Amino acid sequence: MRIARFSIDGNVAFGAVEGDKPDELVLDIIKGIPFAEHELSGTKVPLSKVRLLPPVLPNKVVAFGRNYAEHARELGNEVPDAPFAFFKPSTSVIGPGDDIRYPPFSEDLHHEAELAVVIGRMCREVPRERVKDVIFGYTCANDITARDVQKREKQWARAKGFDSSCPLGPWVETDLDPGDLTIQLTVNGLQRQLGRTSEMIHSIEDLIVNITEAMTLLPGDVILTGTPAGVGPLAVGDEVAVTIEGIGTLTNKVVKRG
């Protein structure tokens with residue numbers, strides 16, 4: 001099931017996305033919230049009549065770096081022996097169609113297409129065999145990075161945590177095998193990144209076991225699983241799109257931050 005979060009007439013709701021053709025998609029409004037008991041209302045609205053929002057509002061976004069060998073090498077980094085985590089704050093999250101605001105303290109903004117895992121239940125110290133039980137679904141993400149700031153400051157809080165640096169969407173796909181999916185990113189229609197989730201160094205199970213050894217994850221929290229090779233610069237006016245097989249396409253435009 002594809003579950004979207006949206007606004008219509010000033011109201012925010014969740015809905016199940018139905019249909020196959022992009023211009024014929026409809027939302028069956030959900031009674032309740034997806035992380036608890038819920039049911040479809042049978043009230044349907046065309047997707048074209050709503051504004052899609054970030055599919056979840058995470059308490060935290062846990063991101064894992066250098067999880068694709070070719071990406072680590074393209075930036076001159078060693079491949080880590082163990083998962084390497086950092087955080088993006090909840091205020092960095094934006095949804096499909098929202099603007100990526102180019103921060104004034106950077107001159108080298110980069111895109112990073114990623115598969116995002118959405119957590120469905122409170123969990124801590126998750127054993128490997130139970131990882132699937134805590135996953136709600138999967139969505140597209142773009143780990144926008146101020147590369148010059150990342151290199152200069154070493155600590156990544158500003159470089160990867162500024163407002164609008166974590167586009168998510170367009171919805172959450174709950175029925176998906178993430179083991180070998182195509183990840184593609186285009187800028188103004190031209191392909192920049194192309195990889196497969198099977199190229200991850202550390203699996204989704206590895207990542208969730210690793211982070212829940214240290215902290216509790218809450219429903220709606222997001223795990224970013226790393227980016228394939230091909231990261232590169234973005235300029236004001238660029239349209240950047242992340243497409244993941246079985247999920248859909250997340251599109252955002254880069255604007256100057258006012």
Side-chain angles (χ1 to χ4, degrees), residues 1-3 35 55-56 58-75 77-88 93 111-145 156 160 166-169 171-185 193-231 242-248 250:
M1 180 181 290
R2 294 170 291 177
I3 296 180
F35 305 111
V56 290
N59 173 270
K60 55 187 169 293
V61 177
V62 182
F64 285 90
R66 303 170 189 171
N67 200 28
Y68 288 74
E70 289 303 314
H71 168 60
R73 295 188 185 105
E74 74 179 345
L75 296 182
N77 297 313
E78 295 183 358
V79 176
D81 293 330
F84 177 78
F86 60 94
F87 292 100
K88 295 174 82 78
V93 173
H111 56 76
E112 296 191 8
E114 308 206 11
L115 174 70
V117 181
V118 179
I119 298 301
R121 56 188 290 187
M122 183 184 294
C123 58
R124 180 170 61 90
E125 296 180 351
V126 180
R128 183 173 299 274
E129 64 273 14
R130 296 293 302 277
V131 165
K132 291 182 179 179
D133 296 340
V134 306
I135 293 175
F136 177 67
Y138 306 89
T139 192
C140 304
N142 198 341
D143 176 19
I144 303 296
T145 302
W156 296 1
K160 286 178 171 283
C166 190
L168 296 175
W171 41 64
V172 177
E173 174 56 69
T174 63
D175 185 16
L176 186 70
D177 181 349
D180 188 28
L181 304 174
T182 300
I183 301 179
Q184 179 179 233
L185 181 141
Q193 291 184 266
L194 181 64
R196 302 195 70 84
T197 56
S198 55
E199 298 167 357
M200 288 183 193
I201 299 167
H202 304 290
S203 68
I204 290 171
E205 288 80 9
D206 294 334
L207 304 182
I208 291 180
V209 168
N210 174 273
I211 199 61
T212 61
E213 286 178 339
M215 68 189 66
T216 299
L217 298 181
L218 302 176
D221 280 351
V222 171
I223 308 294
L224 303 189
T225 58
T227 191
V231 301
V242 178
T243 300
I244 300 180
E245 180 182 359
I247 299 176
L250 166 68

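The model shown is predicted, which means the values in this text are computed figures rather than measured ones.
The shortest non-hydrogen separation linking G195 to P228 is CA-CB, 4.1 Å. What you find for L224 and C166 is that their closest heavy atoms are CD1-SG, 4.4 Å. Of all non-hydrogen atoms in Y68 and T197, the two that sit nearest each other are OH-CA, 3.5 Å. Residue G120 comes nearest to P219 through the heavy atom pair O-CB, 3.9 Å, listed as atom of the first residue, atom of the second, then distance. Of all heavy-atom pairs spanning T212 and C123, the tightest one is CG2-SG, 4.3 Å. Closest approach of I144 and P167 over heavy atoms only: CG1-CD, 3.9 Å.
A side-chain donor-acceptor contact under 3.5 Å links D221 to the backbone of N59. For the pair T216 (side chain) and R124 (backbone), a donor-acceptor distance under 3.5 Å is absent. Under a 3.5 Å cut-off, the side chain of K88 and the backbone N or O of K160 do form a donor-acceptor pair. With hydrogens and angles ignored, the 3.5 Å screen pairs no side-chain donor or acceptor of E199 with any backbone N or O of A69. Checking side-chain atoms of N67 against main-chain N and O of H202 turns up a donor-acceptor pair under 3.5 Å. The backbone N or O of I183 sits nowhere less than 3.5 Å from a side-chain atom of E245 that would complete a donor-acceptor pair. In this structure, the side chain of T227 engages the main chain of A113 through a donor-acceptor pair within 3.5 Å. Checking side-chain atoms of T139 against main-chain N and O of G137 turns up no donor-acceptor pair under 3.5 Å.
The distance from the CD atom of E114 to the CD1 atom of I244 is 9.0 Å, given to the nearest 0.5 Å. In this structure, CG in L207 is found 13.0 Å from CZ in F84, a value given to the nearest 0.5 Å. Taken to the nearest 0.5 Å, the NZ atom of K132 stands 6.5 Å off from the CG atom of D177. Atom CD of E205 is separated from atom CD of E129 by 11.0 Å, given to the nearest 0.5 angstrom.
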Decide side chain to side chain contact (heavy atoms under 4.5 Å, CB included) for L218 and F35; before the verdict, give the C-alpha distance in whole Å, the side-chain angles of both, and the deciding distance to 0.1 Å. CA-CA 10 Å; L218 302 176; F35 305 111; over 6 Å; no
For the pair R128 and D206, evaluate salt bridge (Lys or Arg N to Asp or Glu O under 4.0 Å) and give the outcome as yes or no after the intermediate values. CA-CA 8 Å; R128 183 173 299 274; D206 294 334; 2.9 Å; yes
I204 and I135: CA distance, side-chain angles, deciding distance, side chain to side chain contact (heavy atoms under 4.5 Å, CB included) verdict: CA-CA 10 Å; I204 290 171; I135 293 175; 4.0 Å; yes
Chi angles and distances behind the side chain to side chain donor-acceptor pair (under 3.5 Å) call for R196, T182: CA-CA 5 Å; R196 302 195 70 84; T182 300; 2.6 Å; yes
Can you list the steps and then say if Y138 with T225 is a side chain to side chain contact (heavy atoms under 4.5 Å, CB included)? CA-CA 11 Å; Y138 306 89; T225 58; over 6 Å; no
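Between N210 and F64, the closest side-chain pair of non-hydrogen atoms falls below 4.5 Å. The shortest side-chain heavy-atom distance between L185 and N142 falls under the 4.5 Å cut-off. Counting only heavy atoms from C-beta outward, the side chains of P178 and L115 approach each other to under 4.5 Å. Within the 4.5 Å cutoff, the side chain of I201 has heavy atoms near those of the V79 side chain. Contact annotation: the side chain of I119 approaches that of I208 to within less than 4.5 Å [non-hydrogen atoms, C-beta and beyond]. Two residues are said to be in side-chain contact when any heavy atoms from C-beta on lie closer than 4.5 Å; L217 and I223 meet this criterion. The closest side-chain heavy-atom distance from I3 to F136 is below 4.5 Å. The closest side-chain heavy-atom distance from L176 to L181 is below 4.5 Å.
Ring planes of W156 and F86: perpendicular class, angle over 60° (limits at 30 and 60°).
Within 6.0 Å of atom CG in D81, 12 or fewer heavy atoms from other residues, nucleotides or ligands are found, so the atom counts as exposed in its surroundings. No more than 12 heavy atoms of other residues, nucleotides or ligands lie within 6.0 Å of CE in M122, so this atom counts as exposed by the packing criterion.
For the pairing with Q193, the side-chain hydrogen bond (donor to acceptor under 3.5 Å, both in side chains) check across H71, H111, Q184 returns one residue only, H111.
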